[in-house]
Amino acid sequence: MAGVAIARALNMGLRKALEADSKVIIMGEDVGKLGGVFRVTDGLQKDFGEDRVMDTPLAESGIIGTAIGLAMRGYRPVCEIQFDGFVFPAYDQIVNQLAKLHYRSQGLVKMPVVVRIPFGGGIGAVEHHSESPEALFAHVAGLKVVACSNAADAYTMVQQAVASDDPVVFFEPKRRYWERAEFDANAPLADAVPLHAARVVRPGRDITVLTYGPMVKTALDAAKVAAEEGHELEVVDVRSLTPIDWDTICDSVRRTGRCVTVHEAQVFLGVGAELAARVTERCFYSLEAPVLRVGGYATPYPPSRMEEHFLPDLDRVLEAVDRSLAY
Amino acid sequence: MAGVAIARALNMGLRKALEADSKVIIMGEDVGKLGGVFRVTDGLQKDFGEDRVMDTPLAESGIIGTAIGLAMRGYRPVCEIQFDGFVFPAYDQIVNQLAKLHYRSQGLVKMPVVVRIPFGGGIGAVEHHSESPEALFAHVAGLKVVACSNAADAYTMVQQAVASDDPVVFFEPKRRYWERAEFDANAPLADAVPLHAARVVRPGRDITVLTYGPMVKTALDAAKVAAEEGHELEVVDVRSLTPIDWDTICDSVRRTGRCVTVHEAQVFLGVGAELAARVTERCFYSLEAPVLRVGGYATPYPPSRMEEHFLPDLDRVLEAVDRSLAY
Amino acid sequence: MVAVSSMDVATSSEFVQLLTPEGQRLENPEYPLEITPEEVRALYRDLALVRRFDVEATALQRQGELGIWAQLLGQEAAQIGSGRALAPGDMVFPTYREHGVAWCRGIPPEKLLELFRGVNFGGWDPGRHNFSLYTIVIGAQTLHATGYAMGMQRDGAEDAVIVYFGDGASSEGDVNEAFIFAASYNAPVVFFLQNNQWAISVPEERQSRIPLFQRAHGFGFPGVRVDGNDVLACLAVTRKALQHAREGQGPFLIEAFTYRMGAHTTSDDPTRYRLASELETWKLRDPIERVKAYLSRGGFADSSFFDSVESEGDELAARVRAACLSMPEPKPIDIFDQPYAGGSPLVDEERATFEHYQAGFAEEGGR
Amino acid sequence: MVAVSSMDVATSSEFVQLLTPEGQRLENPEYPLEITPEEVRALYRDLALVRRFDVEATALQRQGELGIWAQLLGQEAAQIGSGRALAPGDMVFPTYREHGVAWCRGIPPEKLLELFRGVNFGGWDPGRHNFSLYTIVIGAQTLHATGYAMGMQRDGAEDAVIVYFGDGASSEGDVNEAFIFAASYNAPVVFFLQNNQWAISVPEERQSRIPLFQRAHGFGFPGVRVDGNDVLACLAVTRKALQHAREGQGPFLIEAFTYRMGAHTTSDDPTRYRLASELETWKLRDPIERVKAYLSRGGFADSSFFDSVESEGDELAARVRAACLSMPEPKPIDIFDQPYAGGSPLVDEERATFEHYQAGFAEEGGR
Ligand SMILES: Cc1ncc(C[n+]2csc(CCOP(=O)(O)OP(=O)(O)O)c2C)c(N)n1
Ligand SMILES: Cc1ncc(C[n+]2csc(CCOP(=O)(O)OP(=O)(O)O)c2C)c(N)n1
Ligand SMILES: [Mg+2]
Ligand SMILES: [Mg+2]
């Protein structure tokens, strides 16, 4: 199939999920006629009806809370949170209820709920529209947290998330929504890489770059430039933030002996902290340098005219790579 | 002054704060006549009136949201969240509003709000009453996050938090509320250790144990046992989780060459991840072993009859110490 | 002209009552109730047994067998009346205090102790009993109930949902969002507010300056106040509300006006915040006494009936106590049991480490 | 008998109107308004200028000078009417669309563009103008407003708070909690709900099945619907509500029934979800035309007045445009400006690293 944008790939994946199981329901603000502010659910209400693609009242806790009830009744809700910054009114329902119900009921109550969140900055938006809150979910036991970085993954991962009997917080790289890639939409889902596997997206021998979501492209761009300078970066798309595929990651770091993590979220207690801590623990004798972390600064996300300096870019990645190589 | 329990020391500190500034207001569920479920605000409403010690409707978002408004009007609200697990309905107001208003207003709007949260387990409580959610706040830029571990600190730190012009999430070690210590209640606040300083609570040459809140006592107990076995643990009470006093911490680790972090919260992306990542970065050439982390498992907090196995105890700390020393 | 405040209604202290505190039967044309003496005796038995159970659980807590207990004392009529109005297919979402409703759903009372003893988070299968797990985070379950009702609607089921919450809970955003979703989707859900007048130490007036049943009117569905200490009224009103929901008329709010005669939980000390005299007043409105009076006065039951219920209660208490004392302790390794349906490599790894650690520890015999 | 649903009121579509779409003046004994022609001309000027400003800002966005713009088109009367009812000491909590209210608070319109251009999060001093920063997280500001009003109450101030929010916002838990706190503490706050009938693509009916002003009744305070396209009615009703609050009677909900004539924001495409004919209907109820008609018909203003307002608008637009184009760009280092009042060593360190990095980068001239 010709190049498909990520937003469109998600749309196709959701359509497949709706077709595959009549219990799948899409719900959220403006997901119906409008098709979502990013058009990810475009056309789905028209084809599947208002009962299956449901505009909700403007209340995020209500969305997740009723999705939990629907899941208890046997449905598989896929909730859209309009922007990263607007998930917090639902945080209690996600953390205290959605994440815990399976455990609390000793496995009797399944929670096959997907919470889709477009995340990250770089689109020149006003405040609360550019946040990267993934660490605030990844720390919560009972949730699964994933981030897609390209159209092929978007298409399969969203279907895998809907098929999961566990709650999945599904981060979509907002600023890459319109980036295109080719993939085979007819490849059987069962053949796809598992949802929780990391993937080496560019092999290299000198240093491992761990990243996910919108920064995968940035890391790949950096790898190209580095290659010109003679440094081979191995870029790993972590993909799943809870659980993390340590085997793939540590295998890479043991080979390269160096590691840099990259995400948009604030470095302080970001996912990079866990990556750095555990990689160091597991690969201690292989590391030539400490794991270095690239990410947002310890301030709130700034006004958009400054965001390009807040967000890691190719140069910040390369700067960290250079520092690591200098050890 | 004779031995004072932590809960009582907090009460004394709050009383001092109420006396010192008529703009200080205490608000929360059951903080009035009842004096809070842990009696931390005992007697304060009687002495300062219902306008300054205010029982609120049962709504955490409402508590923090109105506290923000009161702060805008020049008040200094101290909000009590009854138990750790019940802070999440207020998470949006804390993360999106309280944390950001100073930055958003370029410093024009101050947010001197304290959010007091009894945290941690070990008291045989039912679910949601034993959580350690500190990492979920520490990652949020714009907040300051602290945890006290003993009565003397409780007394001064709560006053320092109230005096801070920044929002402070103040974690209190619930299961240590009744542990007593002596301190001089008349020592000038200005002479106290700064709120954001870590403190070496037991010096030792062999390994640094970084901990805070209820685990400080556990670490000290472990240090005693280790000493009998010939290992000198240096126990550092991290005290401030955002910002972290890296100087004190790294100074210790550079001396000992080894480090273990201990907290009740789940290890995965807990505060220990940040401690481990940054300590490794800053002390790379001093470390004889990777920073090892002791904490809760990657499950929701279990039913109370299992909690003693979930929570780090003396033996789990020592086991990690032994592992570290074995490198 | 514009519509103005409904303050006039606000001062009404009336409620639906079908049985006075003195045991006199009243008729209410809106809430007709035909009930046989046998059925009233059955209700009496329910009331007396759940109270006896509650007393026993409280004692077990005092003796250190439970970590905490949330007593239902005083709220038996609200729970039995509403619980007995339910059809088998109806789904219940309780708080942490609905032991009487659990009883009506056929959950063995000893199962309720497991949560409070700390061996699990709820010892029953919600699907089997159509009775969800207890929810401790105030108000959260009202949204689950609404979502579940939306699911029933999609299934074309002729069932309804009932969700319990307190006067304090009515202030939580979630409860109000539940009203909004339920009204918006016309979901078949009955909101059953037990106004026991206290949220721990905070009196009802802090939550609302008008009677709480009126909250519903602002969201566009009916709200009714019922005498929460009158089992017949609670039965009749809940039946009608469920019927309303089943018939596709959407949500309904019932405020059962009652009183928490005990402490909030066994950890609470109500003498710090309320007068003993308040309790004395409410003792005169005891939910069980009035049924006894009705049965006795009408000659529908004699002392042998009451005696037999009492001894049945004592047997129940003994059984519950025995079950509590012999309750199996969870194994430490159970910590790792089922955080995820699909498993998690990190949990597996930690489980293995834990097993290894425990084994080593057992060998060493501890330090 | 029990109180029942206030459904009867629910079907009322009446509202307070003092000026018809045709420009005819109506009297309402509950909301008397004495107003001089001069004052009406001043209101006309306000309305016309904020619309002109809004058009210019929209154009600036189209030309790439703003990242996004939230138009107020159609809501001028609701904002100017309520904004002009305020006393200097009153405090305002806006959403992101209250450009008309900002105008009434003396905030230079070009300042409003800074947020939307992305140079800061609000270019004015909330304390100086008694006008809080725009709040984008729906509903959050209603609690701030309530808390602020509680503070005024403690200060013994004779001021009040007004807080703006939308029909969509009415579904958020926070807004309902704000109602609860405000009622519970009897806080002097006016809740001003601009019901523009759409929350992006979601129609008002998804949020409530009865008119939104009735929401207040369930919380125990008055709620009134006003013609939101009638500046006089908005003025009179807001005055009365503020008076009510000032006099210690507590909160008041005003639902200004209006229509979002533009897109939700410049990023939105309303043709996807609503019919053009709806807009046509509402054009006939334009909030400015009716004032013009009233002034013209009554002989209170002639074409030279209207012309002068128009040219004043053009001047305003030119000034705003010039200000926008010459707006200083923030410096990258400003990222680190003021996350904390008391500073933070981590931020200081990162700032230093950043400066160093930038300097090195400048030297290298980038890669
Ligand atoms: C979100 C949340 N906040 C606070 C608490 C602590 N808490 C437990 S019960 C209770 C009072 C509940 O009052 P009400 O809703 O009237 O129910 P009742 O206990 O009277 O039956 C409180 C504040 C909680 N469980 N959840
Ligand atoms: C908590 C939250 N959820 C979602 C959004 C995204 N959003 C921005 S405006 C809007 C619709 C608001 O509708 P309404 O309250 O009626 O105000 P209007 O824009 O019509 O003035 C939505 C959903 C948000 N800003 N905040
Ligand atoms: Mg109560
Ligand atoms: Mg609207």
Side-chain angles (χ1 to χ4, degrees), chain A residues 60-61 85-96 99-100 102-104 127-128 131 133 135-136 138-142 241-244 261 265-278 280-285 287 289-293 296-303 327, chain B residues 60-61 85-96 99-100 102-104 127-128 131 133 135-136 138-142 241-244 261 265-278 280-285 287 289-293 296-303 327:
Chain A
E60 288 76 11
S61 193
F86 308 139
V87 68
F88 299 116
Y91 198 69
D92 176 54
Q93 285 286 349
I94 295 173
V95 165
N96 270 334
K100 294 197 166 81
H102 190 266
Y103 189 68
R104 295 176 64 219
E127 48 183 347
H128 310 293
E131 311 278 323
L136 304 172
H139 179 51
V140 177
L241 311 181
T242 301
I244 287 178
T261 69
Q266 282 82 353
V267 167
F268 188 87
L269 254 176
V271 169
E274 180 62 33
L275 291 169
R278 206 162 299 231
T280 306
E281 188 177 337
R282 303 207 174 180
C283 312
F284 189 64
Y285 289 124
L287 281 175
V291 179
L292 299 182
R293 294 177 288 161
Y297 298 111
T299 70
Y301 198 91
Y327 266 80
Chain B
E60 289 75 12
S61 192
F86 308 139
V87 67
F88 299 116
Y91 198 69
D92 176 54
Q93 284 286 349
I94 295 174
V95 166
N96 270 335
K100 293 199 167 81
H102 191 267
Y103 189 68
R104 296 176 64 218
E127 50 183 346
H128 309 294
E131 310 278 323
L136 304 172
H139 179 51
V140 178
L241 311 180
T242 302
I244 288 179
T261 69
Q266 283 81 353
V267 167
F268 188 88
L269 253 176
V271 170
E274 180 62 35
L275 291 168
R278 206 162 301 229
T280 307
E281 189 178 336
R282 301 206 175 182
C283 312
F284 189 64
Y285 289 124
L287 281 174
V291 179
L292 299 182
R293 293 177 289 162
Y297 298 111
T299 70
Y301 198 90
Y327 267 81

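Here is how names work: the chains are called A, B, and so on, in the same order as the sequence lines, proteins then strands, and each is numbered from 1.
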For this session: Tell me, out of N96(A), T299(A), I94(A), who's got the most heavy-atom pairs with chain B below 4.5 Å.
Result: N96(A)
Exercise. What part of R104(A) is in contact with chain B, defined as an atom under 4.5 angstrom from a non-hydrogen atom: side chain, backbone, both or neither?
Worked result: side chain
For this session: For residues V291(B) and T280(A), determine if any side-chain heavy atom of one lies less than 4.5 Å from a side-chain heavy atom of the other.
Result: no
Exercise. Are the side chains of Y301(B) and E127(B) in touch, meaning some heavy atoms are under 4.5 Å apart?
Worked result: no
Problem set entry | Evaluation steps, side-chain contact (heavy atoms from CB on, under 4.5 Å), between E274(A) and F268(B) | CA-CA 7 Å; E274(A) 180 62 33; F268(B) 188 88; 3.7 Å; yes
Seminar exercise, completed: Most contact-rich option vs chain A, by heavy-atom pairs under 4.5 angstrom, among E281(B), R293(B), K100(B), is R293(B)
Problem set entry | Pick from A141(A), A276(A), A90(A) with the largest number of heavy-atom pairs that fall under 4.5 Å of chain B | A141(A)
Exercise. Which bit of V267(A) comes within less than 4.5 Å of chain B, counting heavy atoms only: side chain, backbone, both or neither?
Worked result: both
Exercise. What part of A298(A) lies closer than 4.5 angstrom to a heavy atom of chain B: side chain, backbone, both or neither?
Worked result: backbone
Exercise. Is there side-chain contact between L136(B) and Y91(A), with at least one heavy-atom pair below 4.5 Å?
Worked result: yes
Exercise. Considering residues at least two apart in sequence or located in another chain, which fulfil the side-chain hydrogen bond (donor to acceptor under 3.5 Å, both in side chains) criterion with E60(B)?
Worked result: none
Problem set entry | Atom of A135(A), atom of L269(A) and distance for their closest heavy-atom approach | CB-O, 3.7 Å
Seminar exercise, completed: Most contact-rich option vs chain B, by heavy-atom pairs under 4.5 angstrom, among P89(A), S61(A), G142(A), is P89(A)
For this session: Would you check if H139(B) and H139(A) make a side-chain contact, meaning some heavy-atom pair closer than 4.5 Å?
Result: no
For this session: Classify the ring geometry between F284(B) and Y327(A) as parallel (under 30°), tilted (30 to 60°) or perpendicular (over 60°).
Result: perpendicular
For this session: Examine whether an atom of Y103(B) lies under 4.5 Å from a heavy atom of chain A, and if so say whether it belongs to the side chain, the backbone or both; otherwise answer neither.
Result: side chain
Exercise. Non-hydrogen atoms of chain A under 4.5 Å away: do they reach the side chain of V87(B), the backbone, both or neither?
Worked result: neither
Exercise. Is chain B contacted by the side chain of P243(A), its backbone, both, or neither, given a heavy-atom distance below 4.5 Å?
Worked result: neither
For this session: Heavy-atom distances under 4.5 Å only: say whether L241(B) touches chain A with side chain, backbone, both or neither.
Result: backbone
Exercise. Of the backbone (N, CA, C, O) and the side chain (C-beta and beyond), which part of L275(A) lies under 4.5 Å from a heavy atom of chain B, both, or neither?
Worked result: neither
Exercise. Which atoms of Y285(B) come close to chain A, meaning under 4.5 Å heavy atom to heavy atom: side chain ones, backbone ones, both, or neither?
Worked result: side chain
Exercise. Given the options G270(A), P133(A), G272(A), P303(A), which has more heavy-atom pairs under 4.5 Å with chain B than any of the others?
Worked result: G270(A)
For this session: Please determine, among R278(B), Q266(B), R282(B), the option with the most heavy-atom pairs under 4.5 Å with chain A.
Result: R278(B)
Exercise. Chain B heavy atoms under 4.5 Å from Q93(A): which part of the residue, side chain, backbone, both or neither?
Worked result: neither
Exercise. Tell me, side chain or backbone of P302(B) under 4.5 Å from chain A's heavy atoms, or both, or neither?
Worked result: both
